[in-house]
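A short write-up of the structure that comes next.
Chain letters run A, B, ... following the sequence lines, proteins first, then strands; residues in each count from 1.
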Amino acid sequence: MRRRNGRPLVVAMTAIGVGLTAAACGALFLILRDLQMHPRSSQGARPPETGASPSTPVAVKARPDSGGPGGPPVRGKGSLPTSSGSRGTGQGDSWAGPILLRDVTRQTGITFRHTHGGSGKQYIVETVTTGLATFDYDGDGLIDVYFPNGRPLPDTPARMPARNALYRNLGQFRFLDVTDTAGVGDAGYGMGCAVGDYDDDGHPDLYVSNFGPNVLYHNNGDGTFTDVTAQAGVGRGNRVGAGVCFLDMDGDGDLDLFAANYVQFTYDRPATRYYGGYLRYPGPREFEPEHPNLFRNQGDGTFTDVSLSSGVAAVAGTGMGLVAGDFDNDGDIDLFVANDLDANSFFRNEGNGQFREAAVEVGLAYNFEAGATGSMGADCGDYDNNGWLDIFMTTYQAELPCLFKNLGHGLFEDVTTRANAGVETLPYVNWGCGLVDFDNDGYKDLYIGNGHLEDFIDKIDRSTAYAPGNTLLKNLGDGRFVNVTATAGDGMLVRGSTRGVAFEDLDNDGWIDVVILHSSAPAAVLRNETQNGNHWIQLKLCGVKTNRDGVGARVRLVAGDLTQIDEVHSGRGYQSHWGSRLHFGLGKRDRVDRLEVRWIGGGVDVFEDLPVDRLITLFEGAQSVSAGAGRDGAPLK
Amino acid sequence: MRRLFSAREVPTWVALAVVAATAWTAGLVLARYGWEAGVGLPEAIYLTEVAGLPLPTLAEDLNPEYRALAEEAKQAVARVLAEYPHDVQAVAALAHLHNLAHDDAGEVVCWQRCLELDADFLPAYSSLAMRAANRGEYQEAEQLLRRAMAVPGAVGSFAGTLASVLSDQGRFREAASVLEDSLASYPPTAAQLIALGEAYLRLDEFNKAKDQFQRALRIDRSSTRAHHGLAQALARLGQKEQADKHRAEMTRLKRLENQSKRKNLDEAGEQQGDRIFAPKFVADLLTMIAAVYGSHERSDEAERHLRRAAQLWPEHTGCRAALADLYGQQGRLAEALAVVEELRQIEPEQPAHLKTLGILLGRLARWEEAEKAFRELCAMATDSAVGYAGLAEIYLRSGKNLPLARLLAAKAADLEPSAWNFFVQGSICEQLGDRRGARLALRKAVTLEPRNPRYRQLYSALMEKE
């Protein structure tokens, strides 16, 4: 009944005999984010912006688990007084206040405006640009924002130079454009980006996906970057890029690099067909699919293309968003790639950096109805806190997004309708997405970015919109979501044709904020002003033997009756990057009983009885953690 | 004729300029499609409503060819609706015009009017429910579908859609119930069995799900959706080997499907693009309008619209079938025959065209050609009574091969025990002097259609003779 498989948008109307010939019944034309922070009281008072709490180092002993991944964790002995455990009272106590997201774009000073660079020739690349990245590039404890950008395509007059932009977070939702100083204003045609410290120097590096050669920016640690693409050997030619991510594919302690590609595009394939009286973009099936690239880190600042030998090049796909994680809990990192109007790809890590495509086998290739959807963005998270990472994927108009529940025995099941996970977004094209705990109740909510690719769509199809608002779904904790968009504040009234969305605690107040990239329009920043008195904890993982950012490390948190897992991901959502710091909402539980950290390619560290409402830095194998404190928006020391 | 339309209030010079520009554009495009000059109503461009219903305004930035076709359709719809404002089909035509013009609100108003005129008008329920479902307005869609299903005989047509709407709301038990009810009353379709299997999958009733998917595969072995569902059910039942087998088959079929889609991409794209879609849509609309005129015994207008539809889309079968029927009713058999020959060229495997051909040839007393047509029909549709009945009737009318005709008529009556087939059988028996056979067959014909004078007359005559 629904318009399946996105394009085209023409739906044959059910012709029911009414005395006319069936032919006469026509067709319906439905074109077709080390701080002690200030938990907000449930009375609603915001914390004072001055009067910071002192830094309180917290020492908690931990030792690496000798058993390795999957072995029994060794309990650390901490100096903190043994808590009687957290005072968890279960899920039902955290539904005290609605999620509230405020549009604070104007006060941020972020003036970035995206361009897709089109001139009306409707090149397909215009439709899919771009994701974005949020990361602390200068190590000041405040999360910064990086926007890739399109650029004028042939026949488009270059009225103004289009380039990528880096905004430094100055605190208190003020940002400064430091693109020139940082040297990251790549003028390539941006598609997405990911962040990872590939050379383990303690400074996060940036990989930008382009239509054209990709770019690797090495972070010099002084606020500047250097384009090292050529030395590193990760440019990967003149292809149409998509989602990218850093991952330690072989557990050797350094970060490798995966780059999805979209289609084999050439300028001699402009749009030629009119639909409903307007020139439409061609769909991905009108081009040959492209195999992804996988680069193995040689440990000397260079990479080797192992696309073929690793097995990932065995499958060509119309890659878009992707996410890497340990989906089968076997201690290595697998990869999920959303393919546009094609079977999705699931690259199962065979344990040695060899991958085997197994999407059909595990139930991730198609939606519940065996349809190859117009798959866009992808994120993962344990939405039902059962200890297995689930996958959420956005799709095209008239298709339901897909929440793939991880059943835990090598199978996923599309539970979208059962979980009510985005059924309301059916009329819209969905892009950025995130499984994020906005109300700190311990259950990951869902944020879905909406926006059409045809800018004339409002003229011909009233069921959808080119620039609708986005959608927010609250996780009820019982395996179902409820749409809270209408009650979640003016941030949900922001209109635009959303592409990438990133989720970070931009003001270090313990509540996850939102950054949205709109196609051909200004970006938006939403501040999370939820007030329900819930507690939280943020974790910054620092690998020692393993990769510095802890990318791929798995954390299992126990707070009373609440157990959560999460992993550090590099590259996720719609061709974007966010969440290098892990964030756990805790509801009314005011201690964390236990933290287990399984380092990818390393051992397991266990930390016990941790304070909450702060960012804690966990060092691999360290005997203590450092819990910083600061005031709202203040840089961490 | 009363003034039916009010012109949009615009300055005269603007109106003149727009008339000139539009006429020029429309003239170019209509020339391409060969529309006869002077047939349209140029003033319809300015109409805003007809019969109390809004006429769509066409956007200025539409592709000129598309816009011209839409204008043509607008004039035709405006005219028919002005003449027959209470004809539900005419209002439905306006609803389709609004769809073509991307005027959603206008379309809704028209469908609602259709339901005011005829509460059982299923296309209105179908369109309104589809529109609501595509917007995620499930409650409204459900309400419409349930109303539609209250119309006698409509349950089977809407059960699948209602089940889908219920499933999207997480109401899987209700979805399963709707489908079970439908399957209990109507012949099973693969689509409904798959939908039922999926409802049971979502209810974690894996054995039931398995059964339904297996039933579906017995109907359609190449359904990737059924293989996918069955693989999921089997996997959840722990039957991994079997699940793998169906996944493998689904993958194989998907690969073929993908190859086919890519191979036929240009063709498919063209089919959905305006170059093909728009004239087809307008041809559909004109065929609808012709039906309205036909139902009001305006055969001249019906013919004119059908001819224009055939001209707009050379492969449009609906308008040609209607045209052949119209010519046949008017005794213009040669013209009807020419149209049927066109239909056979467009759809050579369509038995209905052979049947019409045979009937027309028979009416023209071209017995050998008619016999050939019905023989082809018998070979093409061996399980259908039509060919045998037609052949028997030809023999009856031509007065040859009557013993064979009797056998053929008996077979036709066995396959389809209709009054007409018994009538033909009885007539042949009567010709052969088989009074008992004639009496039995004619009695069945009269029993099935007691008010048919021809059947009663022959039966009475036979009884009198006895």
Side-chain angles (χ1 to χ4, degrees), chain A residues 1-3 8-11 13-32 273-280 282-283 285-286 342-343 360-361 363 366 368-372 398 400 411 413 415 417-418 420 423-427 456 459-463 480, chain B residues 59 62-63 66-67 70 89 96 99-100 102 104-105 121-123 126-127 130-131 133-136 157 160-161 164-165 167-170 172 198 202 224-225 227-229 232 235 247 250-251 254 258 261-262 265 269-270 272-275 277 281 284-285 287-288 291 316-319 321-322:
Chain A
M1 183 203 66
R2 287 189 293 270
R3 282 168 283 165
L9 293 170
V10 178
V11 180
M13 192 191 78
T14 309
I16 297 172
V18 287
L20 279 180
T21 60
C25 288
L28 268 183
F29 204 90
L30 300 171
I31 294 292
L32 3 132
R273 293 195 185 106
Y274 286 82
Y275 295 83
Y278 296 91
L279 186 62
R280 277 195 73 199
R285 280 187 177 140
E286 297 186 39
D342 206 346
V360 170
E361 182 183 328
Y366 304 108
F368 188 82
E369 295 161 349
L400 291 179
L411 279 177
E413 181 186 359
V415 296
T417 51
R418 197 186 299 190
N420 191 36
V423 172
E424 298 88 346
T425 67
L426 180 75
F456 59 80
K459 296 178 183 175
I460 65 172
D461 184 355
R462 301 300 194 280
S463 73
R480 287 180 60 80
Chain B
L62 284 167
N63 182 30
Y66 185 94
R67 196 170 194 281
Q89 298 288 358
H96 287 300
N99 191 274
L100 183 71
H102 315 307
D104 180 68
F121 193 64
L122 296 177
S126 177
S127 297
M130 188 82 77
R131 173 188 174 278
N134 278 329
R135 291 163 177 253
S157 309
T161 312
S164 176
V165 165
S167 284
D168 280 2
Q169 298 174 87
F172 311 122
E198 289 172 346
R202 284 164 162 148
T224 53
R225 194 166 162 178
H227 282 291
H228 182 70
Q232 289 182 81
R247 281 198 199 98
M250 180 196 69
T251 308
K254 278 280 184 188
N258 226 19
K261 276 181 184 166
R262 286 192 177 277
L265 194 65
E270 282 300 322
Q272 289 139 6
D274 287 352
R275 202 174 64 79
F277 179 84
F281 190 101
D284 283 344
L285 207 48
T287 305
M288 282 184 80
H316 197 281
T317 54
C319 67

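- Taking CD1 from A:Ile460 and CG from B:Asp104, the interatomic distance works out to 12.0 Å, rounded to the nearest 0.5 Å.
- Between A:Tyr278 and B:Asn63, every side-chain heavy-atom pair lies at or beyond the 4.5 Å cut-off.
- A pairwise comparison of heavy atoms in B:Gly136 and A:Pro427 identifies N-CG, 4.2 Å as the closest pair.
- With B:Asp274 contributing its side chain and A:Gly276 its backbone, the two residues share a donor-acceptor pair below 3.5 Å.
- Looking at B:Glu198, both its backbone and its side chain come within 4.5 Å of chain A, counting heavy atoms on both sides.
- A pairwise comparison of heavy atoms in A:Leu426 and B:Asn134 identifies CD2-O, 4.1 Å as the closest pair.
- Across every non-hydrogen atom of A:Val360 and B:Thr251, the tightest pair is CG1-OG1, 3.5 Å.
- Between chain B and the residues A:Glu424, A:Glu361, A:Arg480, the most heavy-atom pairs under 4.5 angstrom are made by A:Glu361.
- For the residue pair A:Ala370 and B:Arg225, the shortest heavy atom distance occurs at CB-CA, 3.7 Å.
- Here the side chain of A:Arg462 pairs a donor or acceptor atom with the backbone of B:His102 at under 3.5 angstrom.
- Taking CZ of B:Arg275 as the start and CZ of A:Arg273 as the end, the distance is 9.0 Å to the nearest 0.5 Å.
- Of all heavy-atom pairs spanning A:Tyr366 and B:His228, the tightest one is CB-CE1, 4.4 Å.
- Minimum heavy-atom separation, B:Gln232 to A:Glu413: OE1-CG, 4.3 Å.
- Between the CG atom in A:Asp461 and the CZ atom in B:Arg135 there is a gap of 7.5 Å [rounded to 0.5 Å].
- Checking side-chain atoms of A:Arg418 against main-chain N and O of B:Arg202 turns up a donor-acceptor pair under 3.5 Å.
- How far CD of A:Glu369 is from OG of B:Ser164: 6.5 Å, rounded to the nearest 0.5 Å.
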